[in-house]
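Sequential numbering from 1 along the given sequence is applied to the chain's residues.
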Amino acid sequence: MTLGFSEQSLLQGKNLIFLISQPRAGSTLTQRMLGSNCEIHTVSEPWLMLHPLYALRSEGYEVDYNAQWARNAVEGFVDELPDGKEAYFNGLRRMYSYLYNCAATSSGKSYFLDKTPRYYLIISELYKTFPEAHFIILLRNPLAVLCSMINTWTQDNYFKLHLYKQDLLEAPARLIDGINLLNNNCMVLHYEWLLLNPESEVNKICSWLGLQFSPEMIDYGRAKDQPVWRYGDQNKVYQDTKPDSQNLDKWIMALDNPQVWRIVNDYLEFLGVEKFLQLGYSYEEMRNLLDAKRPQWFDLWRTLPLDVLVEDPQNSKYWKYQQYWLYRTYYVKKLIIFIKINYKI
């Protein structure tokens, strides 16, 4: 048994902490600090609950053994059980609480922190499985998230954004819905405040969990034998030893690139005023920032919109867009160089 919890409370997830966010929202930094508490054990992103909870869905995953047949078969089996889906969730609760508790017990700590950002896809099912778990919803300015994805994952190949379509277009709304569903079982944390006031923000989380805050949690990088995780941020979180407020607005520099500006501007318009406000950010402030950084029309002319870039390039229509864009960019650059040389602009 994990220290301090009854068997029934463990089954309901009382010792579990789920940290959920958009990817590139500062979750690894948050995980490092919380994992520095003497009562919290954590590992690299487990992704443990996605497979069993997606098994009941009519779409969303593909496998070698034919996903649609498997879904129909599982649904048929579950329907035959005396308690139906409730029996399925009871089974999941027993199996996965056992696995989580094995990890926590082996560490000698009371809590297990599962940081898997894409749990935003299964918040309601996860809550049904572990109704007494603690949920931390980490939010970051979505425009900063997008710029971080570009700087880290896609760089100049903007067509790679299709790999993160759900993270961009679905995650914000799902996180908002999750916050409304979880209510008192959830603490909302903003990345920006975490950088500006790390002691205060981490102390709030510790108080909410009933744990003792330690200043050493903020200086997470000074601890010896820090594990290197397979998933999560592979750069800044290992380079720094604690949160750095100077990183807060670095994403804005990416807006000097006309293509990035176009994507970010489209993303702001996609999210809209209400959703931005629900996430805790000012649409007007971001609108003013983008207007001030707006590129010249002739620079925007050779950019592509977000809705094209997030579509799978295997689709023949968008493959043609991609080829056209690449060739056009090449020849436009040549034309600009020619004009500058010959007309001394």
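For the residue pair Cys147 and Trp251, the shortest heavy atom distance occurs at SG-CE3, 3.7 Å. Closest non-hydrogen pair, Asn66 versus Trp69, comes out as OD1-N, 3.0 Å. In plain terms, the two heavy atoms of Val145 and Arg24 that are nearest each other are CG2-O, 3.8 Å. The two atoms that bring Phe276 and Met286 nearest to each other are CE2-CG, 3.5 Å, heavy atoms only.
Formation of a donor-acceptor pair under 3.5 Å by the Asp266 side chain with backbone atoms of Leu306 is found in this model. In this structure, the side chain of Glu311 does not engage the main chain of His162 through any donor-acceptor pair within 3.5 Å. A donor-acceptor pair under 3.5 Å is formed between the side chain of Ser97 and the backbone N or O of Arg94. For Asn197 (side chain) and Ser200 (main-chain N/O), no donor-acceptor pair under 3.5 Å exists by modelled atom type. In this structure, the side chain of Tyr120 does not engage the main chain of Gly178 through any donor-acceptor pair within 3.5 Å. Looking only at distances, no side-chain donor or acceptor of Ser148 sits under 3.5 Å from a matching main-chain atom of Ala144. With Glu192 contributing its side chain and Asn141 its backbone, the two residues share a donor-acceptor pair below 3.5 Å. The main-chain N or O of Arg32 is found under 3.5 Å from a side-chain atom of Ser36 such that the two form a donor-acceptor pair.
Separation of atoms OH (Tyr127) and CG (Asn183) is listed at 8.0 Å; rounding is to 0.5 Å. Going from atom OG of Ser214 over to atom CE of Met33 covers 13.0 Å, rounded to the nearest 0.5 Å. Separating the CD atom in Glu285 from the CG atom in Leu290 is a distance of 11.0 Å, to the nearest 0.5 Å. Rounded to the nearest 0.5 angstrom, Leu161 CG and Tyr158 OH are separated by 9.0 Å. Distance check, rounded to the nearest 0.5 Å: CG of Asn257 to CD1 of Ile263 gives 8.0 Å. Here the CG-CG distance, from Leu34 to Leu29, works out to 9.5 Å after rounding to the nearest 0.5 Å.
Taking a cutoff of 4.0 Å between a charged side-chain nitrogen and a carboxylate oxygen, Glu170 and Lys165 do not qualify as a salt bridge. One finds a salt bridge joining Arg287 and Glu269 here, because a Lys/Arg side-chain nitrogen approaches an Asp/Glu carboxylate oxygen to under 4.0 Å.
If you run side chain to side chain contact (heavy atoms under 4.5 Å, CB included) between Tyr100 and each of Thr105, Leu48, Leu113, only Leu48 comes through. Glu45 pairs in a side chain to side chain donor-acceptor pair (under 3.5 Å) with only one of the listed residues (Arg118, Lys115, Gln31), which is Lys115.
Enclosure of atom CZ in Arg57 by more than 12 non-hydrogen atoms of other residues, nucleotides or ligands within 6.0 angstrom is indicated. The local environment of CD in Glu86 is crowded, with over 12 non-hydrogen atoms from other residues, nucleotides or ligands closer than 6.0 Å. The number of heavy-atom neighbours closer than 6.0 Å to OH of Tyr61, taken from other residues, nucleotides and ligands shown, is above 12.
Using modelled atom types and a 3.5 Å distance limit, the side chains of Arg93 and Asn90 yield a donor-acceptor pair. Between Ser6 and Gln8, the side chains place no donor N or O within less than 3.5 Å of an acceptor N or O (distance only, hydrogens not considered). No side-chain N or O of Tyr111 forms a donor-acceptor pair with one of Asn37 less than 3.5 Å apart.
In this structure the side chain of Ser110 never reaches within 4.5 angstrom of the side chain of Asn15, judged on heavy atoms. Proximity of Ile123 to Leu182: side-chain heavy atoms (C-beta onward) are separated by under 4.5 Å at one or more points.
A cation-pi contact, defined as under 6.0 Å to the ring centre and within 45° of the axis, links Lys128 to Phe89. Cation-pi contact between Lys275 and Tyr283: absent, since separation from the ring centre below 6.0 Å together with deviation from the ring axis within 45° is not met.
Within the structure, ring pair (Phe, Tyr, Trp, His ring centres under 6.0 Å) contacts touching residues 178-219 (residues at least two apart or in different chains) are His134-Trp208, His190-Tyr281.
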